Number of protein chains: 2
Amino acid sequence: MARARLTRELIVEAAATLLTESTDDITLAQLGEVLGVDPTAFYRHFRDKDALMRAVSDRILSAVTVDLPPPASDWRATVVEICRRLRAAHVGNPRLAELVRSGPPLNRNEFDLTERLLVELRAAGLKPKAATMAYHALIELTVGSAAIDAALAAEPPDARRQTYERWRSAYRLLDPAEYPTSVRLAGQLYQGDAEQRFQFALDCLLDGIAGHVPGSARST
Amino acid sequence: MARARLTRELIVEAAATLLTESTDDITLAQLGEVLGVDPTAFYRHFRDKDALMRAVSDRILSAVTVDLPPPASDWRATVVEICRRLRAAHVGNPRLAELVRSGPPLNRNEFDLTERLLVELRAAGLKPKAATMAYHALIELTVGSAAIDAALAAEPPDARRQTYERWRSAYRLLDPAEYPTSVRLAGQLYQGDAEQRFQFALDCLLDGIAGHVPGSARST
DNA sequence: GCGAATTGTCAATGTCGTTGACAATGAGCC
DNA sequence: GGCTCATTGTCAACGACATTGACAATTCGC
């Protein structure tokens, strides 16, 4: 009767599943239980919990760049798709997102992502400096949108709608003398899907970025 | 010799100081030591640590809307200033930012911030729907930029530059066959100040938002 | 098969948030 | 001043957690 044999892959797999199934932080005890193994067996394969989280985050990011349309077809559509996927990955894994934000794990998938974005931005006609600045801008917006939406995204759609409605009415019920504009626009806040709002933001940002293409109407 | 007497204000003050001085999470033991008091004395004034953090976050956000230029002077400059301050507040307090992100605390200072942004966006000529969408976009970018920069911002400037250089060289040292664009643009990545990069992103986003003003050249 | 490296198990440690029993303090009242 | 009583600091303890070191079972190179 062999004892359960672990591998890094098995552990990462189990951790990823556990993470996507709950918003809470993962515990080594849970991990051990799922794997049918003593919680501390884990330390034979990873230096500490942080190392595990890093490995899992890489696995999650792998979904961002797979099967993208070939380069040079439509740079803007490709950028939107990448950002959409990146956002989805962050929204689905808030605890990991926290890690990824705090500093590039500099994993293979992160490099793929950066390369692809830079390629597209260069294809759009941006100069090197503008391309990298635009890259940072896109990442910041995408990550921010995900961070804000992560908490709610875990809940079922109707609970989410209820929460949005609660927030709207918080603004609606303010003192109209002090907050006239908030009261008047309350109904429009948090309107629709969080992903639609992200789409709008991304469109605006890309419009602005397109303005930095040499020869475009509004380039400075 | 009276024992040290605590108040909510004293605790919030001490916690805020402690938080801005370190990136790490605050511990009740530290708090007790700073206040010269048993760590558990805290529980006579707050239900739990979470309640304390919420109180501190409100205090931090109060810096965002004070002493702004009067409305209707230059909407774009005012929006930039608000976003800059909001970003600074988040960057300086990563642990709190995490809380604020996850859902509007709906405090007085948060309402002030929203009202002021919406006023400016309406003054810019945006329709109600576009104004609220633009509001969300601005918040998402600002918060994202802060989240990414928070970890490094705590370190002294030269350590920060070193870290940026380390990241750049990680891209520079990639296989040129696989990552040609990353290698070529590595020197431009993470260039300059994080706040300058944010400025660029904000400018792009505001350009795009300005395009939604009815009558503007590129309005759809 | 034999010895050595791997790898799971178990007991223990340290940190942390939180709780409950207890004691010192201070305010109101006589 | 002395009583009552609520407030608030103190202390010991608990449970959850990550991590470590000693030990034992397994597996692999030879």
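As the structure is a computational prediction, the values presented were derived from the model and not from experiment. Proteins come first, then strands; the chains are lettered A, B, ... in the order of their sequence lines, and each starts at number 1.
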Please give, in whole Å, the distance from [N] [atom2] to [X] [atom1]?
X       : N      : atom1 : atom2 : value
A:Phe46 : D:dT19 : CZ    : P     : 13 Å
A:Ile11 : C:dT6  : CD1   : C1'   : 14 Å
A:Leu31 : C:dT9  : CG    : P     : 13 Å
A:Asp25 : D:dA18 : CG    : C1'   : 12 Å
A:Leu6  : D:dA25 : CG    : C1'   : 15 Å

SB check A:Arg161 A:Glu165 (cutoff 4.0 Å):
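So A:Arg161 does not pair with A:Glu165 through a salt bridge.
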Treat primed atoms plus P, OP1 and OP2 as sugar-phosphate and everything else as base, then score nucleotides 14-20 of chain C 5' to 3': B for base contact with protein heavy atoms under 4.0 Å, S for sugar-phosphate contact only, - for none.
---SBB-
Short side-chain donor-acceptor distance under 3.5 Å, B:Ser145 and B:Arg87:
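Note: B:Arg87 and B:Ser145 side chains meet the donor-acceptor criterion.
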Hey, does the side chain of A:His45 come within less than 4.0 Å of C:dT6's phosphate (OP1/OP2), counting only N and O?
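For C:dT6, OP1/OP2 do not have a side-chain N/O of A:His45 under 4.0 Å.
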May I ask you to decide if the ring planes of A:Phe111 and B:Tyr171 are parallel, tilted or perpendicular, using 30° and 60° as cut-offs?
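Geometry flag for B:Tyr171 against A:Phe111: perpendicular rings.
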Which of these passes side chain to side chain contact (heavy atoms under 4.5 Å, CB included) with A:Ile60: A:Asn109, A:Leu19, A:Asn93?
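Only one of A:Asn109, A:Leu19, A:Asn93 forms a side chain to side chain contact (heavy atoms under 4.5 Å, CB included) with A:Ile60, namely A:Asn93.
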Which pairs with one or both residues in residues 21-40 of chain A pass salt bridge (charged side-chain N to carboxylate O under 4.0 Å, His left out), sequence neighbours excluded?
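Applying salt bridge (charged side-chain N to carboxylate O under 4.0 Å, His left out) to every pair that reaches into residues 21-40 of chain A, excluding sequence neighbours, yields A:Asp25-A:Arg95.
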Excluding sequence neighbours, so at least two apart, what forms salt bridge (Lys or Arg N to Asp or Glu O under 4.0 Å) with B:Asp50?
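In terms of salt bridge (Lys or Arg N to Asp or Glu O under 4.0 Å), with neighbours along the sequence ignored, B:Asp50 is linked to B:Arg54.
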